[in-house]
Amino acid sequence: MASDMKAHFRHNRVCTRIHLRIAAFLVLSCVTPLIHAQAADDIETPTHKAWDILQMAAVSKKAEERTNGVRALGLLRDNIRARQMAESVIADPNPEVRAAAATALGQMHARESIPKLENALSDKKIRVVMAAAQSLRELKDSKPAYSVYYDLLMGERKSGDGLIEQQLDTLRNPKELAKIGISEGVGFVPFAGIGWDAYRTMHKKDPNPVRAIAATYLAHDPDPASAKALVKATNDKDWIVRAAAIEAIAQRGDPSLLPRVENKFSDKHPKVRYSAAAAVLRLSAIEQIKTAKNAR
């Protein structure tokens, strides 16, 4: 009898995963017609290839690929397709994917996604709740976020709102609380697309993470020398430096650097490829706006 029950539960879990992936695939399939310019793209254009890279990541069987792919979407503000892709995986079976989706929605300033982020505050995993709370705070939806922070500080619920009992049990465990503070806090440093992996690397005797942070801070430096330095860093031997440089180039908003970023589609590290795909889409959109203004 017990074995039958276990088999039944395993079957239900498998079915749930399959249904969620099918739902995500259908959402991604339906988003394309909303973006008329992109629908008209030739399949060999950089933007088409970039979307292919991110869509393949979003429906991947590997949770790590789904996580890294959705993290990169945070670079794309005011982009319906990117927002809907992130929303499609905020109910993913894997908590790392859900947390990445919540973070990306905040980074892209997706106010339309506030209801979904508020729902994520009821997630069973504290890392997802913290990611959603941080994004809601960034989106100026502070009340639910403050409720979560109160729960975090006091270890109890405020007026019946906020974290569920299982999460409060986690907060009462000092060791688990320390882990949450580290992993979730680092997830929101400037190069958030890199996140926890970067933190772990920082605590090794390796100067490269410091250089990654330096690359991030060069994003808005108008000096052309900084742009050259970032381009050079996209070929660094350390993937953290390459990814940070690409994200900085995306934040810089200089379309003339598009070819240099596109070259990283074939990078050996998936996080670098995903960051490059998002960067190409962001810079391509900026280029289109500038071209349209000049044509007036």
Side-chain angles (χ1 to χ4, degrees), residues 16 20 23-24 27 31 58 63 66-196 199:
T16 299
L20 284 169
V27 169
V31 170
R66 299 198 303 278
T67 300
N68 294 334
V70 74
R71 277 177 179 168
L73 293 173
L75 287 170
L76 304 175
R77 293 185 183 179
D78 302 318
N79 189 302
I80 296 175
R81 188 173 184 176
R83 172 173 61 81
Q84 292 184 341
M85 285 177 67
E87 289 179 344
S88 73
V89 295
I90 202 167
D92 192 274
N94 186 283
E96 295 287 351
V97 180
R98 300 198 298 275
T103 298
L105 290 170
Q107 289 174 333
M108 63 176 68
H109 293 183
R111 292 194 58 80
E112 301 90 343
S113 303
I114 284 178
K116 292 186 180 295
L117 289 168
E118 290 178 341
N119 288 339
L121 294 178
S122 298
D123 197 281
K124 292 182 179 180
K125 296 296 183 180
I126 186 68
R127 71 187 66 181
V128 181
V129 175
M130 295 305 296
Q134 173 68 13
S135 288
L136 286 169
R137 191 176 70 86
E138 290 181 2
L139 296 173
K140 310 302 181 185
D141 188 31
S142 299
K143 185 176 180 179
Y146 288 149
S147 180
V148 169
Y149 297 142
Y150 177 92
D151 296 342
L152 180 62
L153 177 64
M154 303 299 293
E156 60 186 33
R157 281 181 288 189
K158 182 180 181 182
S159 303
D161 297 326
L163 307 182
I164 62 177
E165 193 62 35
Q166 288 177 320
Q167 296 163 339
L168 290 177
D169 289 340
T170 301
L171 294 182
R172 295 185 184 108
N173 184 325
K175 291 183 179 180
E176 291 301 313
L177 188 59
K179 291 179 183 177
I180 292 165
I182 293 171
S183 64
E184 296 308 324
V186 172
F188 304 112
V189 297
F191 50 104
I194 300 169
W196 181 222
Y199 178 86

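In what follows, residues are counted from 1 in the order of the sequence shown.
Residues A104 and V70 share a closest heavy-atom pair of CB-O, 3.3 Å. Taking each heavy atom of A120 and V128 in turn, the nearest pair found is O-CG1, 4.3 Å. Nearest heavy atom pair, residue E118 against residue P144, reads OE2-CG, 4.1 Å. Looking at every heavy atom in both residues, A99 comes nearest to R127 through CB-O, 4.0 Å. Shown here for M108 and A86, the closest heavy-atom pair between the two residues is CE-CB, 4.4 Å.
Residue N94 holds its CG atom at 6.0 Å from CZ of R66, rounded to the nearest 0.5 Å. The distance from atom CG of L136 to atom CG of L121, rounded to the nearest 0.5 Å, is 5.5 Å. Rounded to the nearest 0.5 angstrom, D141 CG and I114 CD1 are separated by 4.5 Å. In this structure, CZ on R137 lies 13.5 Å from CG on L117, to the nearest 0.5 angstrom.
Residues forming a side chain to side chain donor-acceptor pair (under 3.5 Å) with T67 (at least two apart in sequence, or on another chain): none. With sequence neighbours excluded, the residues satisfying salt bridge (charged side-chain N to carboxylate O under 4.0 Å, His left out) with R83 are E87, E112. With sequence neighbours excluded, the residues forming a side chain to side chain donor-acceptor pair (under 3.5 Å) with R77 are H109, listed by chain and number.
In this structure, R98 contributes its side chain and P93 its backbone to a donor-acceptor pair below 3.5 Å. Looking at S135, its side chain never comes within 3.5 Å of a backbone N or O of L105 through a donor-acceptor pair.
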